[in-house]
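Below is one structure; the comments refer to it alone.
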Amino acid sequence: MMKIERDKKMHFVACAAASLLVMVLFRAVGSDVADAALASVLCAISLGVGKEYGDKSSPGNKWDWWDFTADAAGAFAGMIAGCVLWLI
């Protein structure tokens, strides 16, 4: 069984939470589902890009595509959770 590193889990959870929050906020102010979904995913992925750019710019650190993959997966998971939450 493959062990997922702790930092990848943190990337996933942080972007999922950000995406869910944006999804709920956009729906709460009256945006339709498609607009809210797009905004939530773009916002969360932007956070991931910013984090990885910061890592790349930091001495002794580098861009990590696996971290970014976890960010993107979390962004989509948060958006899906927001869609499901709104249907309930």
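Residue numbers count from 1 along this sequence. Remember, predicted model here, so these are calculated numbers, not experimental data.
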- Item | Leu20 vs Ser40 side-chain heavy atoms within contact, under 4.5 Å |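 No - every pair of side-chain heavy atoms lies 4.5 Å or more apart.
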- Is there a side-chain contact between Trp63 and Asp55, using heavy atoms and a 4.5 Å cut-off?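 A side-chain contact is absent here, since even the closest heavy-atom pair is not under 4.5 Å.
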- Task: Determine yes or no for a side-chain-to-main-chain donor-acceptor pair under 3.5 angstrom, with Ser58 supplying the side chain and Gly54 the backbone.
- Result: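 No; judged by distance alone, with no hydrogens or angles, the pair does not exist.
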Let me confirm one number: the [atom1]-[atom2] distance from [X] to [Y], rounded to the nearest 0.5 Å.
X     : Y     : atom1 : atom2 : result
Lys51 : Cys15 : NZ    : SG    : 10.5 Å
Met79 : Leu42 : CE    : CG    : 10.0 Å
Met23 : Cys43 : CE    : SG    : 13.0 Å
Glu5  : Lys9  : CD    : NZ    : 10.0 Å
Asp71 : Ser19 : CG    : OG    : 11.5 Å

- Task: Identify the two heavy atoms, one from Ile45 and one from Ala72, that lie closest to each other, and give their separation to 0.1 Å.
- Result: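 The answer is CG1-CA, 4.2 Å.
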- Message: For the CD1 atom on Ile4, are there more than 12 heavy atoms of other groups (residues, nucleotides or ligands in this structure) within a distance under 6.0 Å?
- Response: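 Incorrect, the count does not exceed 12.
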- Does atom CZ of Phe76 have more than 12 heavy-atom neighbours from other groups under 6.0 Å away?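 No, because the 6.0 Å sphere around CZ of Phe76 holds 12 heavy atoms or fewer from other groups.
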- Message: Please tell me whether Val29 and Val22 are part of a single hydrophobic cluster in this structure, the criterion being side-chain heavy atoms less than 4.5 Å apart.
- Response: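 Result: no, two separate clusters.
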- Message: Between Asp32 and Arg27, does any side-chain N to carboxylate O distance fall below 4.0 Å?
- Response: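 No, no charged N to carboxylate O under 4.0 Å.
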- Run the salt-bridge test on Asp67 and Lys8 with the 4.0 Å N-O cut-off and return the result as yes or no.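 Yes, Asp67 and Lys8 are salt-bridged.
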- Message: Enumerate the ring pair (Phe, Tyr, Trp, His ring centres under 6.0 Å) contacts for residues 4-43, please, sequence neighbours excluded, ordered by first and then second residue.
- Response: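 For residues 4-43, and leaving out neighbouring residues, there are no ring pair (Phe, Tyr, Trp, His ring centres under 6.0 Å) pairs at all.
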- Query: Can you check side chain to side chain contact (heavy atoms under 4.5 Å, CB included) on Lys56 and Asn61, steps first, answer last?
  - Reply: CA-CA 6 Å; Lys56 178 182 126 3; Asn61 212 336; over 6 Å; no
